Amino acid sequence: MGTERKRKVSLFDVVDETSVSAKLVKTNGVGPGAMMNNNNSLINRWNGKPYSQRYYEILEKRKSLPVWQQKEEFLQVLKANQVIILVGETGSGKTTQIPQFVLEGVDIETPDRRRKMMIACTQPRRVAAMSVSRRVAEEMDVTIGEEVGYSIRFEDCSSARTVLKYLTDGMLLREAMTDPLLERYKVIVLDEAHERTLATDVLFGLLKEVLKNRPDLKLVVMSATLEAEKFQGYFYGAPLMKVPGRLHPVEIFYTQDPERDYLEAAIRTVVQIHMCEPSGDILVFLTGEEEIEDACRKITKEITNMGDQVGPVKVVPLYSTLPPAMQQKIFEPAPPPSKEGGPPGRKIVVSTNIAETSLTIDGIVYVIDPGFAKQKVYNPRVRVESLLVSPISKASAHQRSGRAGRTQPGKCFRLYTEKSFNNDLQPQTYPEILRSNLANTVLTLKKLGIDDLVHFDFMDPPAPETLMRALEVLNYLGALDDDGNLTEMGEKMSEFPLDPQMSKMLVESPKYNCSNEILSISAMLSGCHQQLSCLGSMPLVGMHHRILIPNCFVRPREAQKAADEAKARFGHIDGDHLTLLNVYHAYKQNNEDPSWCYDNFVNHRALKSADNVRQQLVRIMARFNLKLCSNDFNSRDYYVNIRKAMLAGYFMQVAHLERTGQYLTVKDNQVVHLHPSNCLDHKPEWVIYNEYVLTSRNFIRTVTDVRGEWLIDIAPHYYDLSNFPQCEAKRVLERLYRKREKERENNRK
DNA sequence: GAGCACTGC
């Protein structure tokens, strides 16, 4: 362990007290930001306290990071330029060190010297923002939340004294909505820019505008790949700096011929490595839960069948929806040899893309990369996002192979030919902005004051049809007027961290006297699958991980029947949205009791998380004076009003039951099927749905029964029959309009 | 009667 530790200096490295204590008093480094006081001891300029011993210990380690070699050069380039592109591979230390260099090299006092401005450093993931800021606070010898802080959804850990703030890219975008020129910042560091998240891409365009209006603002774009040259071109030829990384060499192997069945090939490769290669753990990349569970069973079986001529193995699956206790297993050590002097044991992790960026496992020496991943694609014509197994990019393949070289030299087996790598793989994964429904993004851009989307300087402009679709949806929702300007409704909607349909439903809900219930349903739909969690071995290797719980219903393999029965007890005959409301109410009535949750096959953490989201939504409602109200629970209209309010947001996500027994989506006329997870005991003529999922069939999931009359009452502008394709639904609606007309005539008489 | 790549506000 000792020698390994010396070779490895990672971002999360734990300072080994014994190895550095001997040289800690060396005063070759007056630390960054230090000054002498009268007693000749060094004072931390950020909090006015003398530096601790630990500060010097860490400083020694920091100085050995590759990025320190270019510290002076960086500061000079920063001084002379408004924008810098910095390329640094894994292990260069850029995420922790660059923002500290910036603090040292830039004057953050306001011109009147009355307060200090901040340095921001964005991260695509919350856990990174949290853990990196903690580490940096330690390095700077200050308290987290004071001089160094972080800001993520649900948690602002910063203060008026904060000079360096790590935050998610989405959070900086939120801040821009109230502070369009980002005036609290002196320098913005966009980290992991190569990941091209939706938020990063919007920030690119926005910052380009802001920089023109704020000559004093500086931008550092940090990226891990050569796409940096593209960034350079985008930012008017900003200077580019390269920082070497610190990874062990990884030898790459390709197959001679293309593999017909990558799953079979992956399993075969695992077995071969286990038989022929020296000890070291294996990481296999596959595409999804089912495939991974299947592969784990097969690998275990094949190796068990080989008897004691090979060492024992521990095969562990890894995907985001895996229960935390199971995820924990990836950190367990490889099993010992079955008998003394026998062949060594090995850990084999079979994972989705989660192990590519979000989670790091130490001890991996062999990586198997079949070259596929599930990726989101968006089809604007039918307005559907779906997941598709597709070939990965060269950049992604590179990232995967790097996972083999974290602790020692490693090997990566690519299950495709070298020719295929060179000729078939795209250089980069398509940025998310080209693969998503942009309704929410367009709403954000409008709120940020970007009126002319067609001429907005996207680094990669989305398809015009995708933008048109987004504008159309927002216009139907009343968020944009016919000239594309943000309406008062749009202003409100943009403040909610939700899809526009859901925001609209919330803003309209007081009119139906059921905002309390709509808040609960929204929270259950949007917050039921987000939960932060720390894994046990975190203090050792510095890994946090976010665990995703896709829905609040638990269905363990060994108790599926009992779980289904428990779920049925919450079932509401009118639909899944109301079932979710029942669950939420029951949870609150039972005082949020974890053991009640356990007994009822409901995920406690998922509900806690939904409750957290609900509180945030309540605060936003209060800001707009949207009242919190409920109908009398015993009134006949209690559920009717909730369903009507839902329609006020989701009138574009409706399906009609045809006489053939099939559902067709309204206007788009797509054949869809009710997802079997639904709790309806009948097939309603009209349903609203929360999502459209494209898997083995076209499913609509989370559905609720609505009435045709409500469609024409609540959304007549959308159900305008002069602009409606010929279909059965149209004929039904025509009858309903005629009926309404008659009623009106009768009322006049 | 089926399934869920990964993030973020």
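All values reported here derive from a predicted model rather than from experimental measurement. Below, read A as the first sequence line, B as the second, and so on, with proteins coming before strands; counting in each chain starts at 1.
At B:dA5, none of the side-chain N or O atoms of A:Arg435 fall inside 4.0 Å of OP1 or OP2 (strictly under the cut-off). The shortest distance between the side-chain N/O atoms of A:Ser677 and the OP1/OP2 oxygens of B:dG1 is not below 4.0 Å. Residue A:Arg697 places none of its side-chain N or O atoms closer than 4.0 Å to OP1 or OP2 of B:dG3. Using a 4.0 Å cut-off, some side-chain N or O of A:Thr352 falls inside it from OP1 or OP2 of B:dC6.
Of the two residues near DNA chain B, A:Lys376 and A:Asn440, the one whose nearest nucleotide lies more 5' is A:Lys376. With DNA chain B read from its 5' end, the first of the two nearest nucleotides for A:Asp564 and A:Pro497 is the one closest to A:Asp564.
With A:Met621 as reference, A:Leu628 is the one residue of A:Ile518, A:Leu628, A:Val507 to meet the side-chain contact (heavy atoms from CB on, under 4.5 Å) rule.
Separating the CG atom of A:Asn353 from the P atom of B:dC4 is a distance of 16 Å, rounded to the nearest angstrom. One atom, CG of A:Leu203, and another, P of B:dG8, lie 15 Å apart when rounded to the nearest Å. Rounded to whole Å, the distance from CD on A:Glu691 to P on B:dA2 is 17 Å. Remark: P of B:dT7 and OH of A:Tyr430 are 24 Å apart, rounded to the nearest angstrom. Here the P atom of nucleotide B:dG8 and the CD atom of A:Glu495 are 21 Å apart, to the nearest Å. What separates CD1 of A:Ile700 from P of B:dG1 is a distance of 16 Å, to the nearest Å. To the nearest angstrom, P of B:dT7 lies 18 Å from CG of A:Asp499. Whole-Å rounding puts the A:Tyr378 OH to B:dA5 P distance at 22 Å.
For A:Arg153, whose side chain is taken as the heavy atoms from C-beta onward, the closest listed nucleotide among B:dA5, B:dC9, B:dC6 is B:dC9. Set against B:dT7, B:dC4, B:dG8, the side chain of A:Arg126 has B:dG8 as its closest nucleotide. Closest to the side chain of A:Met171, out of B:dC4, B:dA2, B:dC9, is B:dC9.
Contacts of A:Arg125 with the nucleic acid, taken as non-hydrogen atoms under 4.0 Å apart, involve only primed sugar atoms and P, OP1 or OP2. Looking at heavy-atom distances under 4.0 Å, A:Thr168 makes contact with sugar-phosphate atoms alone, never a base. Within the nucleic acid shown, A:Phe699 comes within 4.0 Å of sugar-phosphate atoms alone, with no base atom in reach, counting heavy atoms only.
Dense packing is recorded around CZ of A:Phe456, with more than 12 heavy atoms of other residues, nucleotides or ligands lying under 6.0 Å away.
Within the structure, the salt bridge (charged side-chain N to carboxylate O under 4.0 Å, His left out) test picks out the following pairs touching residues 614-623 of chain A (sequence neighbours left out): A:Glu495-A:Arg623.
For A:Thr429, the side chain to side chain donor-acceptor pair (under 3.5 Å) criterion is met by A:Ser393, not counting sequence neighbours. Contacts of A:Asp611 classified as side chain to side chain donor-acceptor pair (under 3.5 Å), with partners at least two apart in sequence or in another chain: A:Tyr584, A:Lys588. When the ring-ring contact (aromatic ring centres under 6.0 Å, His included) test is applied to A:Phe601, no partner is found at least two apart in sequence or on another chain. A:Glu488 pairs by the side chain to side chain donor-acceptor pair (under 3.5 Å) definition with nothing, not counting sequence neighbours.
The cationic group of A:Arg400 lies under 6.0 Å from the six-membered ring centre of A:Phe285 and within 45° of the ring axis, placing it in a cation-pi geometry.
For DNA chain B, the neighbouring residues in residues 282-294 of chain A, judged by any heavy atom under 4.0 Å, are A:Thr287, A:Gly288, A:Glu289.
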